[in-house]
Amino acid sequence: MTEGTTSAAAEGADTLSRLEQEGEIAADYLEGLLDIADLDGDIDMDVEADRAAVSIISDSGGRDLQKLVGRDGEVLEALQELTRLAVHRETGDRSRLMLDIAGYRAKKRAELSELGAKAAAEVRSTGEPVKLKPMSPFERKVVHDAVKSAGLRSESEGEEPQRFVVVLPA
């Protein structure tokens with residue numbers, strides 16, 4: 001192993017360790033929240049795409065956990081920000097942690113990937129740009145990734161909260 005390879009491996013291990021620590025801090029914070037709210041849920045931690053990923057799942061179908069998702073994921077977004085702040089308070093570093101509750105984000109990711117693929121197919125067949133409805137940053141990222149994997153490009157336009165994705169011809 002060369003010195004550069006050793007250094008890169010050590011840096012990767014440091015990053016993984018930092019992200020795992022973020023996940024543990026987030027899990028502790030969320031467990032406290034579940035206790036306060038008297039809700040049942042299990043915490044699952046992972047590292048995905050260079051960010052900590054924490055999920056709250058339930059064996060009982062997650063009906064109670066839907067309260068933590070809210071309408072269109074609004075409560076979930078707020079809880080994610082609060083959890084990121086809790087991590088920041090402990091580590092001093094900004095967190096890009098992703099929170100999922102009762103599989104809401106996973107389901108939303110699948111729907112948005114399909115939307116991005118359909119928009120890309122429409123642009124490919126018509127040659128005209130397609131503007132999508134306003135979306136959250138998470139939603140736009142998923143659509144951008146789907147469009148990119150379809151071989152086209154996309155851009156975000158507008159101002160929050162009315163920012164939207166435009167799928168462009170190649």
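Just so it is clear, the structure is predicted and the values come from calculations on it, not from any experiment.
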Answer yes or no: is there a side-chain heavy-atom contact under 4.5 Å between Leu152 and Leu168? no

Before giving the answer on salt bridge (charged side-chain N to carboxylate O under 4.0 Å, His left out), spell out for Glu155 and Arg153 the whole-Å C-alpha distance, their side-chain angles and the decisive distance to 0.1 Å. CA-CA 7 Å; Glu155 296 175 352; Arg153 61 188 185 92; 3.5 Å; yes

Under a 4.5 Å cut-off applied to non-hydrogen side-chain atoms, are Phe164 and Met135 in contact? no

Is the shortest distance from a Lys or Arg side-chain nitrogen in Glu77 or Arg105 to a carboxylate oxygen in the other one below 4.0 Å? yes

Tell me if a side-chain donor or acceptor on Ser17 pairs with a main-chain N or O of Ala13 at a distance below 3.5 Å. no

Tell me the closest heavy-atom pair linking Leu97 and Glu22, and the distance in Å. CD1-O, 4.2 Å

Can you find a side-chain donor-acceptor pair between His88 and Ser95 that sits under 3.5 Å? no

Side-chain heavy atoms of Leu33 within contact of Asp35, under 4.5 Å: no

So, for Val165 and Ser154, which heavy atoms are closest and what is the spacing to 0.1 Å? CG1-CB, 3.9 Å

When you look at Asp145 and Lys141, which way does the salt bridge (charged side-chain N to carboxylate O under 4.0 Å, His left out) test go after all the steps? CA-CA 6 Å; Asp145 290 348; Lys141 171 77 168 101; 2.9 Å; yes

Other residues, nucleotides and ligands only: do more than 12 of their heavy atoms fall within 6.0 Å of CG on Asp46? yes

Can you check whether Gln162 reaches Glu157 side chain to side chain, under 4.5 Å on heavy atoms? no

